[in-house]
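All remarks here apply to the structure that follows.
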Number of protein chains: 2
Amino acid sequence: MPQGKIALNKKQGPDLAVTIYDVARAAGVGIGTVSRAMNNANHIHPDTRKRIMEIASQLNYQPNGVAQRLARRKTFTIASVVPFFFNYFYLDLLKYIQNELGHCHYDLFVYSIDRFDNMNQVFDRVLAERKTDGILILSLELGADYAEKFRHAKVPVVLVDATHAQLDSIVIANRKGALVATEHLIHLGHRRIGMINGDLNSFPARSRLQGFHEAMQHHGLELDPIVMRMCDAQTGAHGFNEQAGYLAMQELLALKSALPTALFIAADVQAVGAMRAIHEARLRIPDDIAIVGFDDIDFSKYIGLTTMKQPLQEMARLAVQRLLLCMECRPDGDFHLELNPKLVVRQTCGAKKQPVIVSV
Amino acid sequence: MPQGKIALNKKQGPDLAVTIYDVARAAGVGIGTVSRAMNNANHIHPDTRKRIMEIASQLNYQPNGVAQRLARRKTFTIASVVPFFFNYFYLDLLKYIQNELGHCHYDLFVYSIDRFDNMNQVFDRVLAERKTDGILILSLELGADYAEKFRHAKVPVVLVDATHAQLDSIVIANRKGALVATEHLIHLGHRRIGMINGDLNSFPARSRLQGFHEAMQHHGLELDPIVMRMCDAQTGAHGFNEQAGYLAMQELLALKSALPTALFIAADVQAVGAMRAIHEARLRIPDDIAIVGFDDIDFSKYIGLTTMKQPLQEMARLAVQRLLLCMECRPDGDFHLELNPKLVVRQTCGAKKQPVIVSV
DNA sequence: TCAGTTCATGGAAGGGCTTCCATGAACAAA
DNA sequence: TTTGTTCATGGAAGCCCTTCCATGAACTGA
């Protein structure tokens, strides 16, 4: 009986972590001094620090990050919410964000959203428990209720590739980018230009449509609704996916002689699908149809897709910068940044004859 | 002077977080009772719980996650180390991992590795500070020193898509997959079959080569070194990239009449590059050259690439499962799992005439 | 009625750090 | 010598929880 009791003493072995007290005892100093040594603080004698550091490494002492975070009242962690299912765009963005944060010794939580209908659930989770010092939300359109929640959250929030009047945001200049892309086709001599777009419920889809309109109108060109395809959201990702592009292109191909000579396609993934449909129809790109996309996903360079390149790294850098700033001083004023995409000319627009490989 | 002192009183406002003490006071109970209420623990009267929960939500009380983690001596966080630059394979894997962890209310730290030469630095960071309960390492080959470090780390480690004798691991059956892929080509009647592979310093490259060998030998076919291309690692990612595939294919195309009638290409990204080279050379796939790849990256279905599909979701599920198990009971025995990839037949192998769209 | 049991409750201890205040040694200036 | 000043140091208090133990009310059965 008593043996049984002794057997299940609570400390089950693995909890033999070395603490700051162990180091202090071993070094014959106080815990405050050890803390100062570990944190490279002032008011400590160089010799003392050296001795403590040696003993610490001898004992294999690692400060407990959780205890530090509690005592410092700071988590050194940023949360990111990512619509993972969407497209590979986010991988790059995330990579850059992680790099930026790494430089400042911040850790990154990643929460993926795989269905729009559980988005708010994920948000609640991110907002709960104050585990992070800041939040980055990628490419998600918030409802008014959650925008409000985020605005009054204890931690600052920055939207990346999405915007909301009440929250800091960084977006690509979608309208302007679409305008540049469309004008590129116009300058190449095209007059009958169509567009494949995503669901107009999505913010980028609306802006890109607007840019397309402006370019066409500015050059006095006709906007024929027949050659405009807004993919619906049913296939997922607001219609910004390969399948939707493929189907939209098939519809356009059915127009036969009414087919436009050029297309602005609002997302590279859609362009990939559209190109598949065109190949199947035995038409040639750019000779029969010229194409300009938008995004410059990794794959675009492999298929020679002329497109609008999003400055992802810049976006990541600025978003992190802003977030860190908000974390330390909660600046007043709003912050709404627009970054210009850049035209990357490859083969599908017909401006060049030789294959162009744009290095990453 | 005194004013100056008063002005910079330490609490700068934002620290008005509600604590468990505030709730206890407001409810007229002890903090233990509030804790029990919040955690749905036993030994609390239903009425009391209800009252406390109401007051808590009224005060907008959120338990401090960091304090919980300290008190519970558990972080509820898993770290993942990902060679982000590599290819999009990881995005899916990560997505599944995050989903699995989300179900168990674990958070996920993501650390990206963008250069192999700072890999160990990242590892040190992950091992430091005991911020996590477990570690997942994706597709990275550890040196003996770090394998040892991880083995003796305070937290369990599982390798995913990589293996090491001393550590738990889950890998794809690369050898067997390569064998199946090659046999598929053999069954289609091909006799002169070549291979494009990555740098043999990488584990998957070696295994896939081995599977290729076995298939060929088993069917009494000749292994002509001239049609075997091991891309070197200079272009990055152990030669598993589009550019390397493109260049390797150009070398093969220079063989003219000695060109193989079929190719097993060890990574889909390489296959993409190879296909580009073939198109440029005005040859047809699969008529002039049949191709089977490996990985089934998202893009493969768009280009009709026949390939070996990696069971990523399964891999993620099992890895997380194993990690959680290790966290609670540190099982003895080793854990080395191999999952079989599955042949996905599309157009590039020539087995089918019609375009096949494999839905995601 | 009384000992025994169950269970809701309060609150101290503990988790491992940072930080602030007090102390006293060493040194400088008068 | 005395009075300051500077600075390394020790350690209590505090960060915000969970958990365990002690308490006493309520109930049970004899």
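Every chain is numbered from 1, with letters handed out A, B, ... down the list of sequences.
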Under 4.0 Å between a side-chain N or O of [X] and OP1 or OP2 of [N]?
| X | N | value |
| --- | --- | --- |
| A:T19 | C:dG15 | no |
| B:S35 | D:dT18 | yes |
| B:Y61 | D:dC16 | no |
| A:T33 | D:dG10 | yes |
| B:N42 | C:dC7 | no |
| B:Q68 | D:dC16 | no |

- Under 3.5 Å, is there an N or O donor on one side and an acceptor on the other linking the side chain of A:Y21 and the base of C:dC17? yes
- Message: Does A:R36 contact D:dG10 through a side-chain donor or acceptor facing the base, at a distance under 3.5 Å?
- Response: yes
- Check ion pair B:R51-B:E54 (N to O, under 4.0 angstrom): no
- Message: Looking at B:R25 and B:D22, is any side-chain nitrogen of the basic one under 4.0 Å from a carboxylate oxygen of the acidic one?
- Response: yes
Of the listed nucleotides [options], the one nearest the side chain of [X]:
| X | options | result |
| --- | --- | --- |
| B:H43 | C:dC17, C:dC7, C:dT18 | C:dC7 |
| A:R73 | D:dA8, D:dC15, C:dC17 | D:dC15 |
| B:H45 | C:dA8, C:dT18, D:dC16 | C:dA8 |

- Note the angle between the end axes of the helix from C:dT1-D:dA30 to C:dA30-D:dT1, five pairs defining each, rounded to 10 degrees. 40°
- Would you please test B:F123 and B:Y111 for ring pair (Phe, Tyr, Trp, His ring centres under 6.0 Å) and show each step? CA-CA 9 Å; B:F123 286 155; B:Y111 299 96; over 10 Å; no
Regarding [X] and [Y], is there a side-chain donor-to-acceptor distance under 3.5 Å anywhere?
| X | Y | result |
| --- | --- | --- |
| A:T33 | A:R49 | no |
| A:N64 | B:R69 | no |
| A:T75 | A:R130 | no |

Between [N] atom [atom2] and [X] atom [atom1], what is the distance in whole Å?
| X | N | atom1 | atom2 | value |
| --- | --- | --- | --- | --- |
| B:R72 | C:dG16 | CZ | P | 16 Å |
| A:R69 | C:dT18 | CZ | P | 12 Å |
| A:I44 | D:dT9 | CD1 | C1' | 9 Å |
| B:M38 | D:dT19 | CE | C1' | 17 Å |

- Base, sugar-phosphate, or nothing for A:V29, non-hydrogen atoms under 4.0 angstrom? sugar-phosphate
- Note on the structure: Closest to the 5' end of DNA chain C, once B:G32 and B:A71 are matched to their nearest nucleotides, is B:G32
